[in-house]
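The next block holds one structure in the form of structure tokens; read it before the comments.
When a residue number appears, it is its place in the shown sequence, counting from 1.
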Amino acid sequence: MSQIRHESVAPTTTRFLGGGETIERHRHDDHQLIYVSSGVLAITTEHGSWIASNDRAVWIPAHTWHEHRFYGRSRFHTVGFPAHGRAPLLDAERPTVVAVDPLVRELLIALTSTPLTSTPLTDTALTDTTLTDTTRTGTALTGTETRHIEAVLRDRLRRVTAEPVALPAARDRRLADACRLVEEELHQPCTLAQLAARVHTSERTLSRLYRDEFGLTFPQWRTRVRIFTAMAMLAEGATVTDTAHACGWATTSAFVQTFAQTAGITPGTYRAGMDGPRQRT
């Protein structure tokens with residue numbers, strides 16, 4: 001298991017990362033809201049994996065370890081919030097994916113792209129006349145401006161949610177082995193019976209494990225894996241047809257239909273929107 005780096009402060013900042021770059025496993029004593037305004041971000045935690053692009057942000061509660069992988073050139077925004085004192089931005093004990101509409105997008109960019117301190121938005125920081133950061137340039141937000149932005153963000157995030165493209169973490173070894181095999185050989189679909197034989201259990205037992213641990217049937221979970229992988233591939237510039245075949249769909253049209261039902265947009269629109277905001281249909 002990877003070592004978990006401890007960083008007490010969750011920074012408020014913007015970073016630019018290339019496709020394939022990673023951030024190692026770490027945790028903060030603060031809550032953190034994570035967003036990519038371009039590119040795609042895969043986040044792994046002890047609770048499972050999530051994928052987010054520029055229409056979703058991920059709330060990471062304090063003390064939750066997380067690691068990241070970026071697909072496509074990514075503009076990565078993080079906002080730290082103290083775990084004690086005021087009520088948290090979101091009342092969630094586990095990582096949560098939230099929808100990002102145009103207003104939320106601009107609020108997040110404003111909070112992270114102007115010269116804020118690298119510390120979370122504490123009550124003390126927010127009473128300062130200005131918040132400065134020598135590592136960035138631009139017009140500093142005043143404490144009052146920052147409080148107003150955070151208040152609007154808090155209000156908006158109570159009103160917008162999104163069904164995440166999430167892959168829960170398996171606890172049972174047989175289920176974990178089955179999931180790993182599917183993910184490694186996604187282009188070669190196999191039946192549940194074939195998969196069960198490879199992990200030395202019965203089809204009935206494996207089916208029950210998927211339902212009990214994930215709340216999903218095997219086909220439902222496999223579709224999530226396919227969509228998860230497809231989003232990453234499209235962000236890296238793969239064509240819709242190549243992505244469909246690599247992720248195990250029999251036809252491109254079947255992929256397009258399933259992707260649109262899950263993500264709310266077609267894969268072609270998703271691929272074209274990597275560098276700017278998208279409107280969900």
Quick one: do [X] and [Y] make a salt bridge, cutoff under 4.0 Å?
| X | Y | answer |
| --- | --- | --- |
| R69 | E24 | no |
| D101 | R105 | no |
| R147 | E145 | no |

Pair R271-E236, salt bridge (charged side-chain N to carboxylate O under 4.0 Å, His left out): steps then yes or no: CA-CA 9 Å; R271 183 177 184 271; E236 295 277 66; over 6 Å; no
Consider only side-chain N and O atoms of [X] and [Y], and report whether a donor and an acceptor are under 3.5 Å apart.
| X | Y | value |
| --- | --- | --- |
| T112 | T13 | no |
| T205 | R208 | no |
| T241 | T239 | no |
| D29 | H6 | yes |

Atom of [X], atom of [Y] and distance for their closest heavy-atom approach:
| X | Y | value |
| --- | --- | --- |
| A263 | M231 | CB-CE, 4.0 Å |
| V100 | A57 | CG2-N, 3.5 Å |
| T78 | P11 | OG1-O, 2.9 Å |
| G80 | T12 | N-OG1, 3.1 Å |
| C247 | A230 | SG-N, 3.8 Å |
| P61 | P95 | CD-N, 3.7 Å |

Residue pair V98, R56: steps toward the side-chain contact (heavy atoms from CB on, under 4.5 Å) verdict: CA-CA 6 Å; V98 295; R56 290 180 172 93; over 6 Å; no
In terms of hydrophobic clustering (I, L, V, M, F, W, Y; side-chain heavy atoms under 4.5 Å; direct or indirect links), are [X] and [Y] co-clustered?
| X | Y | value |
| --- | --- | --- |
| V79 | L107 | yes |
| Y210 | I227 | yes |
| F214 | I51 | yes |
| V36 | F16 | no |
| L167 | V199 | yes |

State the [atom1]-[atom2] distance between [X] and [Y], to the nearest 0.5 angstrom.
| X | Y | atom1 | atom2 | answer |
| --- | --- | --- | --- | --- |
| T229 | Y71 | OG1 | OH | 8.0 Å |
| H187 | R226 | NE2 | CZ | 12.0 Å |
| F228 | T262 | CZ | OG1 | 13.5 Å |
| L41 | S53 | CG | OG | 9.5 Å |
| Y270 | N54 | OH | CG | 8.0 Å |
| S74 | R15 | OG | CZ | 11.5 Å |

Any donor-acceptor pair under 3.5 Å from [X] side chain to [Y] backbone:
| X | Y | value |
| --- | --- | --- |
| R174 | T201 | no |
| T44 | S49 | no |
| R222 | C190 | yes |
| E183 | V225 | no |

Using side-chain heavy atoms (C-beta onward) and a distance below 4.5 Å, is [X] in contact with [Y]?
| X | Y | answer |
| --- | --- | --- |
| D30 | F81 | no |
| L153 | L33 | yes |
| I34 | H77 | no |
| I60 | I43 | yes |
| E184 | C179 | no |
| H31 | W59 | yes |
| S207 | T217 | no |
| E7 | R5 | yes |

Step-by-step side-chain contact (heavy atoms from CB on, under 4.5 Å) determination, L181 to R198: CA-CA 9 Å; L181 288 171; R198 295 179 65 183; 3.4 Å; yes
Chi angles and distances behind the side-chain contact (heavy atoms from CB on, under 4.5 Å) call for V152, I149: CA-CA 5 Å; V152 176; I149 291 175; 6.0 Å; no
Whether over 12 other heavy atoms sit under 6.0 Å from R204 CZ: no
T14 vs R75, side-chain contact (heavy atoms from CB on, under 4.5 Å): CA-CA, chis, key distance, verdict: CA-CA 7 Å; T14 295; R75 189 181 183 196; 3.9 Å; yes
Row check, W65 ring normal vs R25 NZ/CZ: under 6.0 Å, within 45°: yes
Ring centres under 6.0 angstrom apart (H66, H47): no
Parallel, tilted or perpendicular, as decided by the 30° and 60° cut-offs, for the rings of F70 and F76: perpendicular
Geometric class of the H26/H68 ring pair [parallel <30°, tilted 30-60°, perpendicular >60°]: perpendicular
